[in-house]
Amino acid sequence: MVEELLAAGIAAGVGVVVYLGAAARVVKQYERGVVFRLGRVRSGIRGPGLTTIVPFVDRLKKVNLQIVTMPVPAQEGITRDNVTVRVDAVVYFKVVDAANAIIAVEDYRFAVSQMAQTSLRSIIGKSDLDDLLSNREMLNQGLELMIDSPAVGWGVQIDRVEIKDVSLPETMKRSMARQAEADRERRARVINADAELQASKKLAEAAEVMSDQPAALQLRLLQTVVAVAAEKNSTLVLPFPVELLRFLERATPSDPAPTPSPPAAAAAPPAPAAPAAPAAGPPALPTVNGSAQALPAQDPATGNPPA
């Protein structure tokens, strides 16, 4: 009899242990439990810790309440200004109502993913390229509202949506690079022109000061020469300013007036002309009583008169 009672007690103890093992459930701190009894949801949501259910009657489904980070696959679309882009994003969401996350939607993760993709395509079509590149905060807020509106009924709260990357075609990248380069060049030219204007004003003021004191120009020239002479590997070409010549001309005393030259002496009377030399030719014939006499002919070889 005692053995039968002992065996019955052992069997009852084993049955209780098995029942408790089948009925006991552990819910973690970041989870909530939804109990279905014969297919109907129990009103109470099981909190974290040890809880029990009726074996073979109740079913406990755990829902994670942590923030889920879900990447949205890159979506290709055409912007409002007809530019083809590829945009990907990241969605941060969490479950705030465990019962609705189980009952209202079959798979809330898949539903949020599909809603994020369609909303991202819609945002691309409604926005300009400049907004996608520079005004992402406003687009993130609009995308968050578009996803959060249907997700509220699923017991899901969208915490944050961020556009991660915008991929552009290579031709558009080159066009934007040329535009940025042209804008930089325009700004550089404006800055150079402004600098030239300011420098011209300062030079005009300096010229007015130097015009009052011409020696200042010479001092400035000497300072420039000293500055250039510091580089011993250069050839110095020194201009000579006209103002310096004028300054030296004013500093030099004026020359005395030239003395007039004495009047030229009276011209002397012309001297009598010398008798002209006789022209070369045959010797003159001797005259007798004023008439010329012929000389006897001479032999050209001996010089004597012929016989």
Side-chain angles (χ1 to χ4, degrees), residues 17-77 79 85-127 131-132 135-167:
V17 171
V18 172
Y19 177 81
L20 292 177
R25 295 289 186 275
V26 176
V27 180
K28 297 180 181 179
Q29 181 67 36
Y30 54 86
E31 294 176 339
R32 295 295 182 270
V34 180
V35 178
F36 290 87
R37 178 166 293 176
L38 298 178
R40 297 176 63 90
V41 179
R42 300 286 294 175
S43 58
I45 301 297
R46 303 298 174 90
L50 180 63
T51 185
T52 59
I53 60 174
V54 178
F56 308 108
V57 177
D58 295 343
R59 289 185 56 198
L60 179 67
K61 295 199 69 174
K62 301 175 183 179
V63 180
N64 194 335
L65 301 184
Q66 291 177 315
I67 294 179
V68 180
T69 303
M70 177 179 293
V72 180
Q75 302 297 312
E76 185 172 353
T79 61
V85 295
R86 288 177 59 87
V87 182
D88 55 352
V90 180
V91 180
Y92 303 89
F93 67 93
K94 63 181 178 179
V95 176
V96 293
D97 191 344
N100 284 338
I102 296 298
I103 298 171
V105 64
E106 180 181 3
D107 186 353
Y108 66 90
R109 290 175 178 265
F110 181 74
V112 171
S113 175
Q114 294 300 312
M115 180 58 64
Q117 294 180 32
T118 55
S119 300
L120 184 58
R121 283 179 173 270
S122 179
I123 284 292
I124 293 174
K126 293 179 181 179
S127 305
D131 294 335
L132 288 175
N135 197 11
R136 293 190 182 182
E137 290 296 330
M138 184 181 67
L139 296 180
N140 292 338
Q141 295 176 3
L143 189 59
E144 180 180 347
L145 291 176
M146 293 179 66
I147 302 175
D148 190 58
S149 298
V152 172
W154 305 337
V156 177
Q157 177 183 355
I158 304 300
D159 188 70
R160 191 178 182 87
V161 180
E162 292 287 344
I163 294 177
K164 185 167 62 174
D165 188 22
V166 178
S167 299

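Although no hydrogens or angles enter the test, the distance criterion places a donor-acceptor pair under 3.5 Å between the side chain of Lys62 and the main chain of Val26. A donor-acceptor contact shorter than 3.5 Å is absent between the side chain of Asp148 and the backbone of Glu144. A donor-acceptor contact shorter than 3.5 Å links the side chain of Gln75 to the backbone of Pro73. Looking at Arg136, its side chain does come within 3.5 Å of a backbone N or O of Leu132 through a donor-acceptor pair. Judged by distance alone, the side chain of Ser149 and the main-chain N or O of Met146 form no donor-acceptor pair under 3.5 Å.
Within the 4.5 Å cutoff, the side chain of Tyr108 has no heavy atoms near those of the Asn100 side chain. For the pair Leu65/Lys94, no side-chain contact is recorded, criterion being any heavy-atom separation below 4.5 Å from C-beta on. Annotation: side chain of Leu60 is in contact with side chain of Val27 (closest heavy-atom distance under 4.5 Å). In this structure, the side chains of Val95 and Arg32 stay at 4.5 Å or more apart for every pair of heavy atoms.
The CE atom of Met138 lies 8.5 Å from the CD1 atom of Ile123; values are rounded to the nearest 0.5 Å. A distance of 11.0 Å separates OG in Ser119 from CD in Gln114, rounded to the nearest 0.5 Å. With values rounded to the nearest 0.5 angstrom, Glu31 atom CD is found 13.5 Å from Ile45 atom CD1. One distance of note links CG of Asn140 with CG of Leu145; it measures 11.0 Å at 0.5 Å rounding. The CH2 atom of Trp154 sits 14.0 Å away from atom CZ of Arg109, with the distance rounded to the nearest 0.5 Å. Between atom CZ of residue Arg160 and atom CD of residue Gln141 there is a gap of 9.5 Å, rounded to the nearest 0.5 Å.
For Arg59, the CZ atom sits in a loose shell: 12 or fewer heavy atoms of surrounding residues, nucleotides or ligands are nearer than 6.0 Å. For CZ of Arg42, the number of neighbouring non-hydrogen atoms (other residues, nucleotides, ligands) closer than 6.0 Å is 12 at most. Under a cut-off of 6.0 angstrom, the local environment of CD in Gln66 is crowded, with over 12 non-hydrogen atoms contributed by other residues, nucleotides or ligands.
Shortest non-hydrogen contact noted between Ala104 and Gly153 is CB-O, 3.5 Å. The two residues Ala24 and Leu50 have their closest heavy-atom pair at CB-CD1, 4.1 Å. The two residues Pro48 and Lys28 make their nearest non-hydrogen contact at CB-O, 3.3 Å. In plain terms, the two heavy atoms of Val105 and Ala111 that are nearest each other are CG2-CB, 3.8 Å. Residues Leu120 and Leu143 come closest through the heavy atom pair N-CD1, 3.6 Å.
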Worked verdict on Asp159 versus Phe93 for side-chain contact (heavy atoms from CB on, under 4.5 Å): CA-CA 5 Å; Asp159 188 70; Phe93 67 93; 5.7 Å; no
Full working for side-chain contact (heavy atoms from CB on, under 4.5 Å) between Val41 and Val35: CA-CA 6 Å; Val41 179; Val35 178; over 6 Å; no
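Considering only residues two or more places apart in sequence or on other chains, Thr51 meets the side chain to side chain donor-acceptor pair (under 3.5 Å) condition with Arg46.
Between Ile163 and the options Val72, Leu139, Asp88, a side-chain contact (heavy atoms from CB on, under 4.5 Å) holds for only Leu139.
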